[in-house]
Amino acid sequence: MSNYGRIHNFTAGPAVLPLSVVEEVRDALPNLGGSGVGLLEISHRSKTFQGVVDSAVARVRRVLTVPDDYAILFLQGGASLQFYMTALNFLLPRPDGSRGAADFLVTGTWSQKAVKEASRVGDAKAIWDDAPNNFKRVPLNGEYTVRDEAQYLHYTSNNTIYGTMYHHHPDSQGKPLVADLSSNIGGVPVNMAGHAMIYAGAQKNLGPSGVTLAILSPWAISRIPKGLPAMLDYNVHIKDGSLYNTPNCFGIFVLERVFAWMEANGGLQGAITRNTAKADALYAELDRTAFWAPHAAKEARSCMNVTWRLPSEELEEKFAKEAKSAGFEGLKGHRSVGGIRASIYNACPIESVNALIGFMQEFERKNG
Ligand SMILES: *Cc1c(COP(=O)(O)O)cnc(C)c1O
């Protein structure tokens with residue numbers, strides 16, 4: 001089987017997809033599922049495409065163990081729109097008309113943005129914020145107090161830029177829990193029934209950019225106020241089964257194929273096992289020598305985005321440059337952390353991680 005000259009892809013998103021899925025997409029382009037109409041050309045109102053949506057919903061429900069009474073939506077606007085849309089739908093004015101309150105655990109750039117957007121709607125407060133420590137960790141349960149008046153607690157399950165994640169289910173102290181799962185959904189255990197609402201841009205673990213998965217509990221659905229702008233009203237999208245307006249048909253198709261690939265490869269547990277093996281191997285290399293300085297505190301290490309520094313910025317630049325010419329894509333760290341970041345999402349094969357480790361050992365031998 002040809003690999004089409006593909007190199008080791010460690011980009012943070014859009015990110016590597018399973019090659020078998022990429023080939024299925026290629027095959028669907030001229031003629032989707034024997035319909036005689038191509039994937040990019042088919043009506044979202046056709047029976048064939050309705051079948052894709054129905055299958056995507058069913059697979060998401062099975063793989064992520066989503067309770068039957070939760071709604072599953074495929075939206076547009078990215079996770080970034082969800083920062084505002086969640087607040088618009090769930091952060092309601094108090095009975096006296098004053099602004100309602102919601103609390104946030106701030107563990108990185110994306111949670112900062114979530115607070116900022118929610119502040120447009122209500123009293124959004126960071127009740128735990130690791131910015132002074134440059135986001136090396138996430139809070140343990142008991143390190144924060146949710147305000148009595150808070151209507152929900154929001155957190156970011158994996159911090160894509162800093163390379164940290166929760167290894168526990170955050171305690172919301174009795175409040176509904178809303179979460180941005182964009183960068184580790186489908187790759188780590190998740191207690192879906194313990195969440196009031198989750199959302200995730202697809203482009204890290206689930207598919208291409210341009211489609212956002214949103215999952216709403218009965219609590220979330222019951223809160224939605226009347227009279228919101230249609231495109232920002234979850235109820236409108238629920239009522240029309242994600243087909244209120246023309247959706248990202250291509251993105252939904254790819255997402256459905258990615259979930260089929262997951263189901264054929266051990267489901268969520270299979271993904272967790274593979275991701276643990278990849279992350280353990282890479283962190284073992286980072287711990288082997290003081291030449292590498294991992295950014296994240298040990299107990300908060302992400303199994304999706306692995307971040308580290310080298311002894312100098314010159315060496316970091318050299319590493320990124322030489323890695324690139326050796327066939328490793330996307331290793332330059334985000335500018336707010338510097339250094340190196342390897343994104344090793346679900347579809348990143350262990351062979352890529354092992355090849356990277358080999359390159360790292362050789363680089364350390366020559367430059368350490
Ligand atoms: C990538 C990312 C986002 C932004 O997603 P968009 O789809 O580009 O809006 C938000 N949150 C997290 C955790 C991310 O990793």
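We're numbering straight along the sequence, starting at 1. Ligands are counted one by one from 1 in listed order, and the atoms in each one are counted from 1 as well.
Listed for the Thr212 side chain is a donor-acceptor partner under 3.5 Å among the backbone atoms of Gly78.
Across Val337 and Arg309, no two heavy atoms sit closer than the pair O-NH1, 3.0 Å.
In this structure, the protein non-hydrogen atom closest to atom 9 (O) of ligand 1 is Ser80 OG, 2.6 Å. Protein heavy atom closest to atom 7 (O) of ligand 1, with residue, atom name and distance, is Gln203 NE2, 2.9 Å. Nearest non-hydrogen protein atom to atom 15 (O) of ligand 1 is Thr160 OG1, 2.4 Å. With hydrogens left out, the protein atom closest to atom 11 (N) of ligand 1 is Asp180 OD2, 2.6 Å, a heavy atom.
Considering CG of Leu213 and CD1 of Ile215, their distance stands at 4.5 Å, rounded to 0.5 Å. In this structure, the separation between NE2 on His168 and CG on Asn141 is 4.0 Å, given to the nearest 0.5 Å.
Aromatic ring centres of Phe49 and His44 lie farther apart than the 6.0 Å criterion allows.
Atom 5 (O) of ligand 1 has its nearest heavy-atom neighbour, among Ala15, Gly210, Ala79, in Ala79.
Near Ser183, meaning under 4.0 Å from one of its heavy atoms, ligand 1 places the atoms 13 (C), 15 (O). Numbered from 1 in the order shown, with element, the atoms of ligand 1 that lie under 4.0 Å from a heavy atom of Ser182 read 10 (C), 11 (N), 12 (C), 13 (C), 14 (C), 15 (O). Within ligand 1, counting atoms from 1 as listed, the ones closer than 4.0 Å to a heavy atom of Gly78 are 7 (O), 9 (O). Each of the following atoms of ligand 1 lies closer than 4.0 Å to a heavy atom of Lys204: 1 (C), 2 (C), 3 (C), 14 (C), 15 (O).
Using a 4.0 Å cut-off between heavy atoms, Lys113 makes no contact with ligand 1 at all.
In this structure, the side chains of Tyr152 and Arg223 stay at 4.5 Å or more apart for every pair of heavy atoms. For the pair His295 and Trp308, the minimum side-chain heavy-atom distance is 4.5 Å or more.
Between Asn158 and ligand 1, not a single N/O pair is under 3.5 Å apart. At under 3.5 Å, not a single nitrogen or oxygen of Phe83, backbone or side chain, sits near a nitrogen or oxygen of ligand 1. Residue Thr156 has no N or O atom closer than 3.5 Å to an N or O atom of ligand 1.
Each of Thr160, Thr11, Asn305 was compared with Ser343 under the side chain to side chain donor-acceptor pair (under 3.5 Å) criterion, and only Asn305 meets it.
No more than 12 heavy atoms of other residues, nucleotides or ligands sit less than 6.0 Å from atom CG of Asp148.
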